[in-house]
Structures are given as C-alpha cells and as structure tokens.
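Just so you know, ligand 1 is whichever comes first in the structure, and atom 1 is the first atom listed for that ligand. These numbers were taken from a predicted model, which means no experiment stands behind them. Both backbone and side-chain heavy atoms feed into the values below; hydrogens, waters and symmetry mates do not.
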Amino acid sequence: MSEPKLKAPRGTFDVLGEQAAARTALEARARAILEGAGYERIETPAFEATELFQRGVGESTDIVRKEMFTFEDAAGRSLTLRPEGTAPVCRAYVEHGMHKRRQPVKLWYLSSFFRHERAQAGRYRQFWQVGAEALGSEDPAVDAESITLLATLLREMDVRDVRLRVSSLGGAEARSEYRERLQEHLRANEASLSDDVRSRIDVNPLRAFDSDHPGTVRVMEDAPRLLEHLSEEDAEHFAEVRALLDAANVPYEVDSTLVRGLDYYTRTVFEFTSDALGAQSGVGGGGRYDRLVEQLGGPATPGMGWAAGIERILLAGEVPEVGQPTSYAPLELFLALERTDGETRRRAFVLLQEARSAGLKAQMDLGGRSLKGQLGHASALGARYVAILGSDGATFRDMQGGGQEQIATDAVVHAVLRGLHDL
Ligand code: HAM
C-alpha cells in the first residue's frame, strides 16, 4: 500500500522553474536600483521575540491580533515568525549601534514573511517582500526618494495600472487629538457600524476607514479627516514631500482616507495599488515611522520605508529578461547643497532623478549636514564627482583629479558622463 502524498501547507507554495527565474530577475532589478541609491542589504532572522511585533506593529492591529504564527521554544520563550520587516530592521539598527554611523542608514531586504491570513490569489501565509528602510533623517527628500525608488521598481517591472496614493498622519499630538474627534464621530453613529469597527472604537478607530461594510462606509464619508488637522510643521513636511514628487514627475493622488494596517506610522504614508490585481490590489506601501526606534528601546530616530509583495509584482507585471546587467560600480555623483532651502533641495532632487535615468550611480545629501559635512560624506562614499548646488548653477568637482569648475545645473549629468568616458 502506498503512503498518502504530502502537500505544501495551505497558503504556501513552492518556487520553481520559470517562477524561480522571474524572482532572480526581479531581485537583480531591485538590487541595482536600491544599491545604486546607497541602500545596503540586510537580512534579519525569520523569527523574533513576539514582543518585538507586539510593541512595534501594535497590539490593536489585525497582524498582531490574529495573523501571527507564534510558538514557544523549549525554554518557554514566545517567538513569532516575522509578519513584516520594519520592526526587525529597527531592532537590528539599535542592536548594532547603527545610530553611530552616518545618517541616514539605508537598508534593503528581500525576505519571506508569514501571516495567518485567509489564503487566496495574491494573498499567502508565507510570502516575499522587497523592502527599503532609511533611518536617521526626517528630511522630506528621504520620503520622496523612497517613494520614487519603489515607483521606479514597479515601472521597470512593467507593473500594469499602477496608482499611487499618499497622505500624512501627522505627529503624535495631532494624532491623539484627532483620534478623540474621530471616536466621538464613531460613537455618535455607533448603530450603523460593523461589529468589528464598533469593537475597536477605543483601540484603533482609524481602521474604520479600511472597512467595506456599507453602513461603516457611509459613516466614514463625513468623518473628520486627519489631513485637515495637521500641525503646521507636519503640513509643511507633507507639502514638501508632494513638491518633490511633483518635481520628479511621480504621479500620485492625495487620499485623506489612507490608513495603513500597522500602528507605527507618523507623517507620510503611501500605497501603490495595481488595478490588474483584483481584490488584493496593494502592491507595495509604507511611510514614516519617526517613533518606532525609540519605542523599541533605541535613541529617538526618525525612519521611512516601504515593502512590496514579490508575488504581487510578478502577478501584475512583466518578467524582465534574465541576465540584465547589474552593476555595483562605486558612486559616480554626489549632489551637495550649498543651502538647505526648499528651492535648492528641489533642484537637487530633480537632478538626482536625471542622473539616475542616465544610468549614473548618484546620491544627494539626505542628512541635513553642513556643506563641509556633505563633502566629507561624499568622500566617505567614494564619490567620483561632486556637484555643489548653489543659488546659481553648480560647482562641479572632480574628486580624483582635484579640479573644479562652475557649470550650469543642466550640464552636470553631461559633465559626469564626459568625465567617466575620458578615463
Ligand atoms: P504591508 O502593507 O503590510 O506593509 O505589506 C507590504 C506589501 O506586502 C503589501 O503591499 C503586499 O504587496 C505584500 N503582502 C502583505 N501581506 C501579504 C500576503 N499575505 N500575501 C502576499 N503579499 C502580501 C509592511 O509590511 C510594512 N513593513 C511596510 C513598511 C516598510 N513600512 C515602512 N517600512
């Protein structure tokens, strides 16, 4: 008598054949884009202390309430298969004293994650994410760069019908004031809400925006919106992120109902969806988490990042040809800012996108440093050329040859290309 056949558990799958090749190609693309922008690879363990996610992701979230694979080890310690990557990366940042490095510290990962969800097309219990986290700077250019990098990856993977929605959740103070206002609104309309939303008015009222229960949707239509109650500073930060996205020609919609399923977000939040995906339309998303590192016992450190589902990118995109060249050439251009006003930063940001489109490995200052600090940073990164953007044009410096000249901002990319080819 033959033994019964065993199958992969529900919601999991084997990766083989064409699927494996597609993943290899996607990984190569992600790596070229992210390492080209100064992100370093990080991999954290597949399981962590359960407390990390309870504290990091939040007790009131669906993830912590019902989706974690949690088990005890032989010594009775509670461990959990990682449901997401941001809390582990922040844990590693603190554990390795990365706040002592030059900020922001930019890290990327491509790993598997585990959530006990109802399995269906595009939703699995073990899935892969590519993610990018920048820790240590609250510069709005970090937000815009981070979002732009995911937009680039989705474009290069030919993901169809992509839409980007952005919003801002503000800081802790505006959030808690708003929370009370929203709770009042929900309580006043309690009878029309779904059981789930009603039971979470106290713990997580914001999630009511995610509900597709008809009564709840109606109540939420005239709910107060957080975006209209931001502090001046948070509103300015968000305006600057939008201005940078505009400058980089990244199309987006502002959606004041956008809330994300994790508690750590502050200020910018965003989500890319693809209409080609059907019900599970979220391809990737993220935002700022300026308090998370501190909540995990580290020094106060702002953070910004995203993660995108590998399976969903492949479902909604085209597989690139395997064997695309990926280059790990050292940094070719560093853009320093003579002054850190919005205008100069926007010019630098646009120039950064132009340089990257021209195939250059380019970075700009994201750390709000003095000019001297920026030049030190550029040489620590091994930049071949530095362009210092002033009020009028740029000082273009050859870090190897030592020469420098005054040129128009428009001429910077060309000057780098010419310089590299003359070598
Ligand atoms: P998230 O929105 O929970 O964010 O997940 C990011 C992406 O992972 C989703 O857009 C989706 O493509 C994919 N994904 C999530 N759950 C599943 C599943 N069950 N099956 C297949 N794909 C899935 C986070 O995880 C945050 N850590 C993102 C972040 C990074 N925020 C800041 N930094």
Side-chain angles (χ1 to χ4, degrees), residues 10-13 15 26 30 34 39 42 44 48 52-53 56-58 61-64 66-69 81-93 104-135 142-143 146-147 149-150 153-154 157 159 162-166 169 207 210 258-274 276-293 301-317:
R10 182 186 292 273
T12 72
F13 49 85
V15 178
L26 168 48
L34 294 170
Y39 282 77
I42 180 169
T44 60
E48 298 266 0
L52 173 65
F53 302 111
V57 175
T61 60
D62 279 348
I63 295 180
V64 171
K66 46 190 189 203
E67 293 172 0
M68 299 207 298
F69 285 95
L81 294 181
R82 57 183 170 197
E84 67 98 47
T86 311
V89 166
C90 291
R91 195 253 322 122
Y93 177 89
V105 173
K106 293 163 143 189
L107 301 165
W108 78 281
Y109 48 88
L110 195 156
S111 335
S112 59
F113 295 89
F114 307 85
R115 294 183 194 176
H116 197 286
E117 297 198 78
R118 231 169 352 102
Q120 60 184 83
R123 187 160 76 189
Y124 311 98
R125 291 183 178 173
Q126 178 177 3
F127 56 97
W128 270 256
Q129 285 183 345
V130 53
E133 316 286 355
L135 290 123
V142 171
D143 307 46
S146 168
I147 297 172
L149 290 170
L150 181 51
L153 177 63
L154 299 180
M157 293 303 296
V159 174
V162 171
R163 286 199 308 145
L164 166 61
R165 291 175 302 138
V166 300
L169 301 180
R207 290 292 291 182
D210 272 354
L258 179 63
V259 282
R260 308 245 320 123
L262 304 101
D263 276 356
Y264 46 62
Y265 292 112
T266 51
R267 293 190 159 179
T268 312
V269 284
F270 69 98
E271 211 155 75
F272 284 91
T273 52
S274 163
L277 279 176
Q280 302 304 315
S281 63
V283 194
R288 251 190 192 282
Y289 43 90
D290 289 345
R291 291 158 55 91
L292 181 56
V293 172
T301 308
M304 165 79 202
W306 49 259
I310 297 293
E311 293 76 27
R312 295 192 193 171
I313 294 178
L314 293 174
L315 276 171

Q.
Atom CZ of residue position Arg291 - does it have more than 12 heavy atoms of other residues, nucleotides or ligands inside 6.0 Å?
A. no

Under a 4.0 Å N-O cut-off, is there an ion pair linking Arg260 with Asp210?
no

Check: Is the shortest side-chain N to carboxylate O distance from Arg125 to Glu117 below 4.0 Å?
Finding: no

among protein heavy atoms, the one nearest atom 20 (N) of ligand 1 is Tyr124 N, 3.0 Å

Is Asp290 reaching over with its side chain to a backbone N or O of Arg267, donor-acceptor style, under 3.5 angstrom?
-> no

OG1 of Thr266 to CZ of Arg288, rounded to nearest 0.5 Å, is 7.0 Å

Are any of the heavy atoms in Gly131 under 4.0 Å away from ligand 1? no

When only distance counts, is Glu133 in polar contact with ligand 1, meaning an N/O pair under 3.5 Å? yes

Ligand 1 atoms nearer than 4.0 angstrom to some heavy atom of Gly284 are 10 (O)

Close N or O approach (Gly309, ligand 1; < 3.5 Å) = yes

Could you say whether the N/O atoms of Tyr289 and ligand 1 ever approach to under 3.5 Å? no

Subject >> Sub-3.5 Å N/O-N/O distance, Thr86 and ligand 1 >> reply: yes

